[in-house]
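The sequence lines fix the lettering, A, B, ..., with proteins before strands; numbering per chain opens at 1.
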Amino acid sequence: MAAVTVRLPDGSTKELDAGTTALQFAASIGPRLAKAAVAATFDGAEVDLDTPLRDGAQVSILTAESEGGRSVLRHSTAHVLAQAVLRLWPGAHYAIGPVIEDGFYYDFELPGGAHFSDEDLERIEATMREIMAEDQPFVRHEHTIDEGLAIFEDQPFKREIIEAVGAGHDEVDAPAEGGEAAQVSTYWNSPAFTDLCRGPHVPSTSRLGHFALMRVAGAYWRGDEKRQQLQRIYGTAWESDKALAEHLHRRAEAERRDHRKLGAELDLFSFPEEIGSGLPVFHPKGGTIRRLMEDYSFQRHQAAGYQFVTTPHITKAELFETSGHLDWFADGMFPPMELDGGQQYYLKPMNCPFHVLIFKSSQRSYRELPMRLFEFGTVYRYEKSGVVHGLTRVRGMTQDDAHIFCTREQMADELHTTLSFVLSLLRDFGLEDFFLELSTRPEGKAVGTPEEWEEATETLRTTALAMDLDLVLDEGGGAFYGPKISVQARDAIGRTHQMSTIQLDFQTPQRFEAEYIGADNDRHRPIMIHRALFGSVERFFAILLEHYAGALPTWMSPEQVRVLGVRDDHEHYADKVADRLRAVGARVTVDPADEPLGARIRRAKLLKIPYILVVGDEDVAAGTVGVNRRGSARPDRGIELTEFTEMLETEIAERRIPEVAQ
RNA sequence: GCCUGGGUAGCUCAGUCGGUAGAGCAACGCACUCGUAAUGCGUAGGUCAGGAGUUCGAUUCUCCUCCCAGGCUCCA
């Protein structure tokens, strides 16, 4: 019998009979591997387990516990979802069902324009479990385009995908294999159900089962808001019930940290309906946190050579005509007000044109450059009603915005300095784990010459590479006037957030005809760098709140210490302790003894106050305090007041970052 | 903007098959004076998101508007 030789992941080779399948290959290595196998890869390409080995191929087995293996489980579970929906709604149309992070979704169109309800999810889930119990095989078939169109005669979405493959457009989920655009593949798992799919799949539906359907949502066909809206079902699937339970637990944890929930519980901010969607108000405690963030940012900016400016919130339309914003983003701006006999005024969506006018207010010399103008500038953007979300997507927000005007020669240095500054400031707020993203020229809506974009992009790339952080490319993600670097941060539970952006802009100085006089006594055009570190104060606030799960570092806590007397007659001493701490700048309150001590401690704990001091007879006599520190299991009794005061003062002065609870 | 689901006391929620509502926590009052995550009793608190319609009667049914959630699209 002929033999094939394959290479294993560890570099060794193995010789087997021709016709040996990937699954048999796995079994030849060990029964446990065969049991855990869900698919295989030949030279990196994923294949089904019943695929015969190819001579000379690099073969590895995908197990359910690997990321690749989970993707296969999720994809196969999505197929079962589609089968269940077709079983329950005969005549339903099914569109696409890809794998996403932690799960999958599938898009449907139900007969008669019907919609899924939450109760339907339970019925669908039950039907999916039936299908899994039926132990249906996933059987792969290859077809020509015409055969494919015939199989999916009654499925317009599938036909559209097949036609796209036929036309050579291998788009999302189009199942063309290895460039053979004339073929499609299907998976048959019962006489009643065949799905168009590239694969691979698990051998049988019985291999699935650790899944949950999460929610129903609307989604546009092909992601195009001009096309019809389909019904999407989201689900999650894992290799074991344990992994599924852990995933659901992580979700619950993220919910617990939700800044909207914490904002209400800790009395930080609210969104009064009377004011309008996406327009937050900050309460005293939230206002204190904001002010602390802004104060520290001011300090750092001052030290870094920034100058502070202030600009108005509304302006004549002309300013945004000149800048180009009205051409590109009129939809995202609040409609204009008409004043002074027909003059149109807009609420500002951006600060940059104002800063350019400050630059232009006098004849500038190269000696003044780089000129760094900074402002906490409040801007208003008309976000579509469906997109406002807590503090992270609002209609009114304050940017920590600066524009740096510099010469072309200074540009590279300035970018480097700015990026280092950004990272240093974010680290002071307790974010540690960063990567960078380089966003390039957007298709279709960009101003400026390709050469300018090329130069700007390369300068940014060089700067980013010098930072010793991972750099990912965001093709076409730049602003219309220039490319950008954004700093992405991972938070305490591993989510990434886009934080700061640094954008290069050759356009705005040109549009506004900004100039400086160079050493050569000629007029030159400055380069403009836009940068925001927090992005918006509101959003950064939300991210920090979630990162710390509400337990902000002591220096940022609105209430740093609460002093509790054990009895009424300890209140005088409690006041004395509070005054002593206030004298070193701490924010302290005293909670009088008209409730049991346990109740007062509980209340203070729920507010996540960093230090609760309990004072009783012994403390009055000895000049000490009982320190109940946030996050510690038991309190420390009998700490000298002087010692505690010094410790607190140091912690605040150093802006110490606590261990972040996971 | 689109799809789905929501909006009942400050918060979390129950309830009303159409006859205008209830709990816990919070608030307030009184008592309790206590050593590390909930003291007891009492009081007050609601145009049932807003408006219109159907009806003898609407918090409940219908429509519109506002707001919220999860998605889609968008994000200078």
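Position along RNA chain B of the nearest nucleotide to A:His115 versus A:Val620 favours A:His115 as the more 5'-ward residue. Each of A:Ser277 and A:Arg567 has a nearest nucleotide on RNA chain B; the 5'-most of these lies closest to A:Arg567.
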Every protein N/O within reach of nucleotides 37-41 of chain B N/O, cut-off under 3.5 Å:
unit_1, atom_1, unit_2, atom_2, d
B:rA37, O4', A:Arg602, N, 3.4
B:rA38, N7, A:Arg602, NE, 3.2
B:rA38, N7, A:Arg602, NH2, 3.4
B:rA38, N6, A:Arg602, NH2, 2.6
B:rA38, N1, A:Arg602, NH1, 3.4

Under 3.5 Å, which protein N or O atoms sit close to an N or O of nucleotides 74-76 of chain B? Give each pair with its distance.
unit_1, atom_1, unit_2, atom_2, d
B:rC74, O2, A:Arg393, NH2, 2.7
B:rC74, N3, A:Arg393, NH1, 3.1
B:rC74, N3, A:Arg393, NH2, 3.4
B:rC75, OP1, A:Lys445, NZ, 3.0
B:rC75, O2, A:Arg393, NE, 3.3
B:rC75, O2, A:Arg393, NH1, 3.2
B:rC75, O2, A:Arg393, NH2, 3.3
B:rA76, O2', A:Tyr481, OH, 3.2
B:rA76, N6, A:Gly332, O, 3.1

Protein-nucleotides 42-51 of chain B N/O pairs under 3.5 Å:
none

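Between B:rC3 and B:rC11, the distance separating the two P atoms is 29 Å to the nearest Å. Atom name C1', nucleotides B:rG51 and B:rU59: the rounded distance is 15 Å, in whole Å. Straight-line distance between the P atoms of B:rG5 and B:rG45: roughly 37 Å, to the nearest whole Å. Atom name P, nucleotides B:rA26 and B:rG40: the rounded distance is 10 Å, in whole Å. Of the C1' atoms belonging to B:rC72 and B:rU65, the separation is 23 Å, rounded to the nearest Å. Using C1' as the reference atom, B:rA21 and B:rC75 are 44 Å apart when rounded to the nearest Å. Rounded to a whole angstrom, the distance from the P atom of B:rU47 to that of B:rG42 is 26 Å. Nucleotides B:rG7 and B:rC48 are separated by 14 Å at their P atoms, to the nearest Å.
When distances run from any side-chain atom of A:Gln231 to the nucleotides B:rU4, B:rC72, B:rC34, the shortest one goes to B:rU4. The side chain of A:Val566 sits closest to B:rC34 out of B:rC34, B:rU36, B:rC68.
In this structure, a donor-acceptor pair under 3.5 Å is absent between the side chains of A:Tyr106 and A:Arg232. Defined by atom type and a distance below 3.5 Å, a donor-acceptor pair is present between the side-chain atoms of A:Glu475 and A:Thr440.
Counting non-hydrogen atoms under 4.0 angstrom, A:Asp569 reaches nothing in the nucleic acid. Residue A:Arg260 is in sugar-phosphate contact alone, with no base atom involved, counting any heavy-atom pair closer than 4.0 Å across all strands shown.
For A:His389 and B:rG70, the shortest distance from a side-chain N or O to OP1 or OP2 is below 4.0 Å. In this model, the phosphate group of B:rC72 is approached by a side-chain N or O of A:Tyr234 to a distance below 4.0 Å at OP1 or OP2.
Summarising the geometry, the separation between CE on A:Met214 and C1' on B:rU4 is reported as 16 Å, rounded to the nearest angstrom. Residue A:Arg227 contributes atom CZ, which lies 17 Å from atom C1' of B:rC3 at whole-angstrom precision. As a whole-Å value, the separation of A:Arg215 CZ from B:rG71 C1' is 8 Å. Spacing between atom CD1 of A:Ile612 and atom C1' of B:rG35 amounts to 13 Å, rounded to whole angstrom units. In this structure, A:Asp107 atom CG and B:rU73 atom P are separated by 10 Å, rounded to whole Å. Rounded to whole angstrom, the span from the CG atom of A:Asp224 across to the C1' atom of B:rG71 amounts to 17 Å. In this entry the distance linking CD of A:Glu274 with C1' of B:rG10 reads 13 Å, nearest Å. Rounded to whole Å, the distance from CG on A:Asp568 to C1' on B:rG35 is 15 Å.
Salt-bridge annotation for A:Glu253 and A:Arg256: present, with a side-chain N of the basic residue lying under 4.0 Å from a carboxylate O of the acidic one.
The backbone N or O of A:Val537 sits nowhere less than 3.5 Å from a side-chain atom of A:Gln399 that would complete a donor-acceptor pair.
The cationic atom of A:Arg74 (NZ for Lys, CZ for Arg) does not lie both less than 6.0 Å from the six-membered ring centre of A:Phe104 and within 45° of the ring axis. Stacking of A:Arg123 on the aromatic ring of A:Trp89 is recorded, both the 6.0 Å distance cut-off and the 45° axial limit being met.
Evaluation of the salt bridge (charged side-chain N to carboxylate O under 4.0 Å, His left out) rule for A:Glu375 yields A:Lys348 as partners, not counting sequence neighbours. With sequence neighbours excluded, the residues that form a salt bridge (charged side-chain N to carboxylate O under 4.0 Å, His left out) with A:Glu414 are A:Arg372.
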> Under the salt bridge (charged side-chain N to carboxylate O under 4.0 Å, His left out) criterion, do A:Glu160 and A:Arg227 qualify, and how do the steps go?
Replying inline: CA-CA 13 Å; A:Glu160 190 173 328; A:Arg227 304 198 62 175; 2.9 Å; yes

>> Test salt bridge (charged side-chain N to carboxylate O under 4.0 Å, His left out) on A:Lys316 and A:Glu321; report intermediate values, then the result.
In response: CA-CA 9 Å; A:Lys316 289 178 185 171; A:Glu321 280 162 13; over 6 Å; no

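If you check distances only, the side chain of A:Asp619 does reach the base of B:rG35 with a donor-acceptor pair under 3.5 Å.
To the nearest 0.5 angstrom, A:Arg602 atom CZ is 11.0 Å from A:Leu607 atom CG. Interatomic distance, A:Glu437 CD to A:Gln488 CD, rounded to the nearest 0.5 Å: 4.5 Å. To the nearest 0.5 Å, atom CD1 of residue A:Ile543 and atom CG of residue A:Asp491 are 8.0 Å apart.
Within 6.0 Å of CZ in A:Arg634 there are 12 or fewer heavy atoms belonging to other residues, nucleotides or ligands.
For RNA chain B, the stems formed by at least three consecutive Watson-Crick or G-U pairs, with both atom-pair distances below 3.5 Å, span B:1-7 with B:66-72, B:10-13 with B:22-25, B:27-31 with B:39-43, B:49-53 with B:61-65.
For A:Gln560 against A:Ile609, the heavy-atom pair with the smallest separation is O-CG2, 3.7 Å. Between A:Pro353 and A:Ser323, the closest heavy-atom pair is CG-CB, 3.9 Å.
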